[in-house]
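The block underneath contains the structure these notes are about, expressed in structure tokens.
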Amino acid sequence: MDYRLSGLKAAAEGAVWAAFPFFVMSEIAKAYEPKEVEAYWYKQWLEAGCFKAVVDSESEPYAIMIPPPNVTGMLHMGHVLDNTLQDIFVRRARLEGKSVLWQPGTDHAGIATQTKVEKQLRESEEKTKYDLGREAFLEKVWDFREQSGGVILNQLEKLGASCDWDRTSFTLDSPYSKAVLTAFVRFYQRGYIYRGQRMVNWCPATHTAISDEEVNMKPQNGFFYKMRYELVEADSERTHLEISTTRPETLMGDTAVAVHPEDERFKHLIGKAVWRPFPKAELPIIGDEYVDREFGTGCLKVTPAHDKNDFEIGQRHGLETIEVIDESGKLNGLAGEEFDGMDRFEARKKAAQKLEDMGLLIEREPYENTVGFSERGDVPIEPRLSEQWFLKYPKVEEAKRAVETGIIKFHPDRWKKTYLHWLNGIQDWCISRQLWWGHRIPVWYKKGLERSELDFSNPEHVHVSVEGPLDPENWEQEADVLDTWASSYLWPMANLGWPDPDADQQKELDYWYPTSTLVTGFDIIFFWVARMIMAGLELFGEDKESLTDEEIAERIPFKNIFIHGLIRDEKGRKMSKSLGNSPDPLDLIEKFGADGLRFGICNIAPTGSDILFSEERIQIGRNFCNKLWNASRFRQMSGPMSDNSSLEAIHARIDPSLLDDYDHWILARLAGVTEDIEKCFSSYELAPLTHQIYGFFWGDFCDWYVEASKGKLKGSEAERDNCLAIQDLVLRQVLQLANPVIPHITEELWKGLGYGSSEPFIQNMKLADASRILGVLAVDASAVERVANLQELITQARALKAKYNLASKRDVTVFFGAEGGAAQAVSDNIGLIQTLAGLGSIQALGENSADRLPAAVTPLGPIYLDLSSSLDVEAEKARLTKELAKLEKQVAAGEGKLKNPKFVDSAPAQVVEGARKQLAETTEKRDETKRILESLG
RNA sequence: GGACGGGUAGCUCAGUUGGUUAGAGCAACUGGUUUACACCCAGUAGGUCGUGGGUUCGAGUCCCUCUCCGUCCACCA
């Protein structure tokens, strides 16, 4: 079945609707079925080029660069949140008439991807990458990318993401790679990149150095070993030093023992020596202020090859560096034959055992310390001395200034503190990785020269360029590749053609750069956000020592940074495969529809902090879509469809003289919610967005306006048509306001209700602001209060019925006791009250006695339920007594406040007036309640 | 150790510069097929706004103390 036979479509196209009661058609789904609608419209959008980014000097530019997901990754809830938010921003921008670019793409994700392929290779062919060699292995990775790459982008399409897919970019594409290498060369030439032997974080699982940012500290339960190192020359006082360590397996690499130079216990020993137990060697005792006298025994074993601090001590004292742990985390021959080839954790046990056997282990106490783990490899990192490439961050001062002065704004603002704090203590970035999958560092070394002989300032020794040397046979290229983040940090500029834009790209750069908004999680502020800013500041434009604010504003990659929280499960745990608490978004789309999921995720995503996810909380999205669907169906069932082709056409159908209070009220609310939502976007506060839409549409429009209009629809044709025009106006605006969040269903209804008859897509009609939505209609603001009073009376009447278990009875009579204007307000709305409260009749109390009738007090006077014969007087008395007590308290509070001269004098007149009015109303209500209570006897 | 965020109804959270009687959704309970919607409608109940103090005519909101939770940064072997 073609879903487009649905009632909405049929009605939209049937000019002779009135003769066609479509609701008897069997095909019509009572509930919204998103599947086909979503697939249909997504295809339409693509075919019509709705997402194409076009430079249009007449329109304001709006650009978002997608945070590129891992090319071989799968869509998870974090992506759903991140991309839904981006889609909301860009779709809203389109509705505002801006010219939008949403750039999609993927990241080659060096370690993650290479590790996956290595694992596959191991499992399927029992081979390592070394068996294949660099080239053959890389072919495998490219194959893998061909198979699994881009799946995640297809998944984003299922979500409805409106990226310009023709521009899909990949960080290893050749133009992008050229940008990466160019950046490297320029940084190198400007002195920001250098090579050096440093202590780095080594990941023994993935065999590469990683940056400080990729190390996560985790508390670990281990042991604190206390052992003795015998003095070479025992004196009368002592024969040995006691030393505490958590890592006895490194003792074979010890080259000294350090004490604090002022430590009275030990300072006389400085210059003497102790025995390293195995392999047996004399170690000097040195004095170094790094040693904390209070900690442990006050004596520190120094292993310069395997500890960052020890390395520094070693540098200061010219100590020998003995590497006993290799790149895989295994001990080597220098540790002694018995340890050769042993895993480091195995060696820890064995070393402790050996010390014990030698009588040198004094104590072994359980101990919790924090250990750095490799983010990717998920094993403890090994501090390791190696040759690496480093980037000294450029334009740090400008990067701070950009955010401090608001040239770049964080939303919410508080994240700027995190950003600035990181920039303040920033260390050089290790950008080389001992991997094959990535951008190979564009540095060549002259063959025949030892690495140690290289003079980096001599172009005969070292060649650095994008293209490589002219005589490649005489050179050997650096084997390392760049950290993935040292390529994605160019994302905004490289995707627009930097560094060598052609004429078209230059236009795009001029138009869309700097981009408008970056949407991402706080977890990559350091990894990505800050680095993009610094890269842009340094590389976008001429080489400059320092930048003015104007130059900063031209070079930054984005003007706004929208930071959202991380999705966690309902218990607040991180989502992970191993916990099995990470739902597949595609299943959720199946269950709730893409729009339902989008609405739901947006609804539970407060700005900033973590988001606790549960399916239950997503249901609201599906429910809302269903409500929207049904309200639209109901609109069609309520009367003929007329000219909905434009806002003006609908305005022309409204006769202002026929507007009643309810019409004025809903129009005022419509303008209000339009403004509120405008504010959500202008202030980057999306938390209230769905709440506003939901509350207005469901609470105000469906529950009150549509219900109230049910009576009117039975009235005169003019009255009916006027009411339908108002409904059309509201629905039209709601569809546009909600469109960024739930694009598919709103597009379907837009078409179905005939709003798209002149322009095919909802995004082509500019969203009306609060004043344009009302047009020439003058809204009577005082209607708002009258409607509120009426609603209160209706609610009270319903409640009265419910209290006497009469909710379902529709023949109940209610009396109203108001006089004067209030009585008029009630009698003017008899029909409405009857309909909405479900009454048989509502009539003036007149000569009837109100005694012993259940009653309620409303802003429009008291009302009484006609129930005299079967009233439970005692229960009613109890209820009213409780009510009265509450009112007494409120009156007393109000009186006290107004008697206080300080309040009357110092509070604003408006507030005082409000308090007076409130007191008057409460007092009246109290008196009325009291009177009713007394009448019960 | 430093910084940041948070503690409001059973749960998840709103609550704008201090100003009427602190709200919503979900869950619970009661009743309901009334011209769309049970993915629905009507109603009920549920809160000393973490603790203690202060400023103020007035504090969920501002200031201070303490406490608990979360996150990030830096970490003593």
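Since the structure is predicted, the reported quantities are computational estimates derived from the model, not experimental observations. The sequence lines fix the lettering, A, B, ..., with proteins before strands; numbering per chain opens at 1.
Against RNA chain B, the stretch residues 295-305 of chain A makes heavy-atom approaches under 4.0 Å through F295(A), G298(A), L300(A). Contact check of residues 696-704 of chain A against RNA chain B (heavy atom, cut-off under 4.0 Å) returns W698(A), C702(A), D703(A). In the region residues 241-254 of chain A, proximity to RNA chain B at under 4.0 angstrom, judged on heavy atoms, holds for S244(A), T246(A).
Salt bridge status for E685(A) with K679(A): absent, with no side-chain N to carboxylate O gap under 4.0 Å. Salt-bridge formation is detected for the pair K35(A)/E590(A): a Lys NZ or Arg NE/NH1/NH2 atom is positioned less than 4.0 Å from an Asp or Glu carboxylate oxygen.
On the C1' atoms, U12(B) is 16 Å away from A28(B), given to the nearest whole Å.
Judged as a side-chain hydrogen bond (donor to acceptor under 3.5 Å, both in side chains), and not counting sequence neighbours, R617(A) has no contacts. Taking the side-chain hydrogen bond (donor to acceptor under 3.5 Å, both in side chains) definition, one finds that R265(A) meets it with D263(A), sequence neighbours left out. Contacts of Y705(A) classified as ring-ring contact (aromatic ring centres under 6.0 Å, His included), with partners at least two apart in sequence or in another chain: F701(A). Applying the salt bridge (Lys or Arg N to Asp or Glu O under 4.0 Å) rule to E707(A) yields the partners K710(A); only residues at least two apart in sequence or on another chain are considered.
For N309(A), the listed nucleotide lying nearest its side chain is C76(B); candidates were C76(B), C26(B), A36(B). Picking from C75(B), C37(B), G19(B) the nucleotide with the shortest atom distance to the side chain of V911(A) gives G19(B).
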(request) Evaluate the salt bridge (Lys or Arg N to Asp or Glu O under 4.0 Å) criterion for residues E785(A) and K917(A): first the C-alpha distance (whole Å), next the side-chain angles of each, then the deciding distance (0.1 Å), finally the verdict. (result) CA-CA 14 Å; E785(A) 195 188 344; K917(A) 197 172 158 198; 3.7 Å; yes
(request) Kindly indicate, with the supporting measurements, whether the criterion side chain to side chain contact (heavy atoms under 4.5 Å, CB included) is fulfilled by E363(A) and Y225(A). (result) CA-CA 6 Å; E363(A) 202 176 73; Y225(A) 303 85; over 6 Å; no
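What separates CD of E213(A) from P of C72(B) is a distance of 14 Å, to the nearest Å. The distance from atom CG of L420(A) to atom P of C73(B) is 16 Å, rounded to the nearest whole Å.
Contacts of R622(A) with the nucleic acid, taken as non-hydrogen atoms under 4.0 Å apart, include base atoms. Using a 4.0 Å heavy-atom criterion, one finds that A915(A) contacts no nucleic acid atom at all. If you check every strand for non-hydrogen atoms under 4.0 Å, G838(A) touches nothing. Using a 4.0 Å heavy-atom cutoff across all strands shown, E707(A) reaches at least one base atom of the nucleic acid.
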Detail all sub-3.5 Å separations between protein N/O atoms and N/O atoms belonging to nucleotides 8-12 of chain B.
{"from": "U12(B)", "atom 1": "O2'", "to": "R617(A)", "atom 2": "NE", "distance (Å)": "3.4"}
{"from": "U12(B)", "atom 1": "O2'", "to": "R617(A)", "atom 2": "NH1", "distance (Å)": "2.6"}
{"from": "U12(B)", "atom 1": "O2'", "to": "R617(A)", "atom 2": "NH2", "distance (Å)": "2.4"}

Listing time: all N or O pairs from protein to nucleotides 56-59 of chain B that are below 3.5 Å?
{"from": "C57(B)", "atom 1": "O2'", "to": "N900(A)", "atom 2": "ND2", "distance (Å)": "2.8"}

Distances under 3.5 Å only, N/O to N/O: pair up the protein atoms with those of nucleotides 2-7 of chain B.
none

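To the nearest 0.5 Å, atom NZ of residue K226(A) and atom OG1 of residue T245(A) are 13.5 Å apart.
Residue N623(A) has a polar side-chain atom (N or O) positioned under 4.0 Å from OP1 or OP2 of C40(B).
Here salt bridge (Lys or Arg N to Asp or Glu O under 4.0 Å) pairs that include residues 245-258 of chain A, with residues two or more places apart or in two chains, are R247(A)-E249(A), R247(A)-E382(A), E249(A)-R348(A), D254(A)-K301(A).
Stretches of at least 3 consecutive Watson-Crick or G-U wobble pairs, with each checked distance under 3.5 Å, appear in RNA chain B as B:1-7 with B:67-73, B:10-13 with B:23-26, B:28-32 with B:40-44, B:52-54 with B:62-64.
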